[in-house]
Amino acid sequence: SSSSSIPTPTYSRALYFTPTPTYYEVEHFLRVARTRGRRSRSPMALCARYALWQTTVNSFHGSAENDPSYIMDLVCDASERHAAVAGSEFDLKLYDRQSLQCDTTLALPAHSDRINELTYAPAGSSVAGRLFSASSDGTVRGWDAAAPPRTGCAMEFRGKDEVWSISVSDGPLIATGTQSAVVLWDVRKATTPAALLEVHTEPVTAVRFQPGSATALVSGSVDELICSIDCR
C-alpha cells in the first residue's frame, strides 16, 4: 500500500459481461510506480471444493525434441465438446474436452507471430460457430472448426497493427483491440475495416460485445479507460 492519497492507476487486461449483461467485470493489472519493471496482480476465483480431473501437455510436434508449446489462450465451443488452444509456437489445435486428446491441428503455424486471443462466434452471429484468432502479426483469421471436414482458414482480416483482443457480435460485426485503436470489421466485406474508432490513446487490450447484441461494445486500454461504444 502507499501513503499517498492518489489512487494507483490500473489498466484493463480483460473484459467480460456477467450472465445478466448489465455490468461488466474487469480484470485489473496493477501498474507499479517508480519501477522500471512491471508486476501484475490479478483477482483469483476461490472455490470451496474442486477436483483436478486430468492434464495433458500441448506439444510442438514439429520440433526435434517434441518440445512443449505453452498456452497463449484457450476457449471452449458452445457444445463444450472441444477446446481450441493457441500455443506459443503459433500452433492452433482442437482438443477433446473429455479426453484432453488433440483432435485436430487446424494450422501450424496459424499465424506468423504470437496468437493473443481466441474466440468463437456466438449463435446470433453471421458466422456462428466459427473460431477466430487474433495475432501480433496484424491479422485476424476465421477457422472452420465446428465439424469435419475442418478446412482451415476460411477468412482473414488484415490490419497494420498488433491485435491484442477480439470479440464477435450477434450480427455481422467483429471488433478488435489493436496497438492504436478499436477496429470494426464486417464479415461480409473482409478487405477493409468497417470503422476505425480512436477512443483510446494507448494500446487497446480488451474488447467485448454485449452478449445478444449486434452493436453494444466495451473496450479497455493501457490508458486506464473503459469505453462503452454504440456501433450502430
Side-chain angles (χ1 to χ4, degrees), residues 14 16 56-63 68-178 183-194 206-209 211 214 217:
Y16 293 96
T56 192
V57 174
N58 184 50
S59 296
F60 176 39
H61 294 289
S63 67
S69 176
Y70 60 83
I71 310 303
M72 303 302 297
D73 195 22
L74 60 83
V75 63
C76 291
D77 63 5
S79 69
E80 298 187 355
R81 293 182 58 239
H82 290 99
V85 174
S88 58
E89 301 301 322
F90 315 152
D91 47 312
L92 183 58
K93 300 175 183 178
L94 293 181
Y95 279 82
D96 183 274
R97 281 282 286 108
Q98 296 298 317
S99 65
L100 284 189
Q101 297 300 307
C102 181
D103 183 61
T104 303
T105 298
L106 290 174
L108 179 61
H111 288 271
S112 60
D113 205 337
R114 181 181 59 242
I115 301 171
N116 294 314
E117 192 165 53
L118 301 174
T119 191
Y120 277 98
S125 169
S126 301
V127 285
R130 184 163 289 173
L131 175 68
F132 287 88
S133 56
S135 171
S136 288
D137 65 10
T139 66
V140 167
R141 290 178 176 167
W143 307 85
D144 281 330
R150 299 184 176 100
T151 56
C153 184
M155 58 173 51
E156 179 181 274
F157 307 89
R158 181 170 293 276
K160 298 179 180 179
D161 295 328
E162 293 184 74
V163 185
W164 298 108
S165 185
I166 181 173
S167 184
V168 184
S169 73
D170 274 63
L173 293 181
I174 294 176
T176 59
T178 74
V183 182
L184 296 181
W185 298 87
D186 190 318
V187 298
R188 298 166 298 187
K189 186 180 179 182
T191 54
T192 57
V207 290
R208 287 294 180 271
F209 276 104
L217 177 71

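Remark: Arg130 engages Asp144 in a salt bridge, criterion side-chain N to carboxylate O under 4.0 Å.
To the nearest 0.5 Å, atoms CZ (Arg114) and CG (Asp137) are separated by 10.5 Å. Atom CG of Leu173 is separated from atom CZ of Phe209 by 5.0 Å, given to the nearest 0.5 angstrom. Here CD of Glu117 is found 11.0 Å from OG of Ser133. Values are rounded to the nearest 0.5 Å. Summarising the geometry, atom NZ belonging to Lys93 is positioned 13.0 Å from atom CG belonging to Leu74; distances are rounded to the nearest 0.5 Å. Taking OH of Tyr120 as the reference point, atom OG of Ser125 lies at 14.0 Å (rounded to 0.5 Å). Rounded to the nearest 0.5 Å, atoms CD1 (Ile115) and CE (Met72) are 8.5 Å apart.
When Val187, Val183, Thr176 are each tested for a side-chain contact (heavy atoms from CB on, under 4.5 Å) with Phe157, only one passes: Val187.
Residues meeting the ring pair (Phe, Tyr, Trp, His ring centres under 6.0 Å) test with Trp143, sequence neighbours left out: none. Legend: residues meeting salt bridge (charged side-chain N to carboxylate O under 4.0 Å, His left out) with Asp186, ordered by chain and number and at least two apart, are Arg188.
Here the closest heavy-atom approach between residue Ile166 and residue Phe132 is recorded as CD1-CB, 3.6 Å. The shortest non-hydrogen separation linking Ala175 to Val207 is O-CG2, 3.6 Å. Annotation for Ala128 and Ala123: closest pair CB-O, 3.5 Å, computed over non-hydrogen atoms. The heavy-atom pair separating Tyr95 from Val85 by the smallest distance is CD1-CG2, 3.6 Å.
Within the 3.5 Å criterion, the main-chain N or O of Val163 finds a donor-acceptor partner in the side chain of Asn116. Between the side chain of Ser169 and the main chain of Ile174, no donor-acceptor pair closer than 3.5 Å is present. Under the 3.5 Å distance criterion, the side-chain polar atoms of Ser135 are matched with a main-chain donor or acceptor of Asp113.
Looking at heavy atoms from C-beta onward, Ser136 lies in side-chain contact with Trp164 at the 4.5 angstrom threshold. The closest side-chain heavy-atom distance from Thr104 to His82 is not below 4.5 Å.
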For Arg81 and Arg97: C-alpha separation, side-chain torsions, deciding distance, then whether side-chain contact (heavy atoms from CB on, under 4.5 Å) applies.
CA-CA 5 Å; Arg81 293 182 58 239; Arg97 281 282 286 108; 5.7 Å; no
Before giving the answer on side-chain contact (heavy atoms from CB on, under 4.5 Å), spell out for Asp77 and Leu94 the whole-Å C-alpha distance, their side-chain angles and the decisive distance to 0.1 Å.
CA-CA 10 Å; Asp77 63 5; Leu94 293 181; over 6 Å; no
Assess the residue pair Arg141 and Leu92 against the criterion (side-chain contact (heavy atoms from CB on, under 4.5 Å)); give the C-alpha distance rounded to whole Å, side-chain angles, the decisive distance to 0.1 Å, and a yes or no.
CA-CA 11 Å; Arg141 290 178 176 167; Leu92 183 58; over 6 Å; no
Go through Glu80 and Gln98 one step at a time and tell me if the side-chain contact (heavy atoms from CB on, under 4.5 Å) criterion holds.
CA-CA 9 Å; Glu80 298 187 355; Gln98 296 298 317; over 6 Å; no
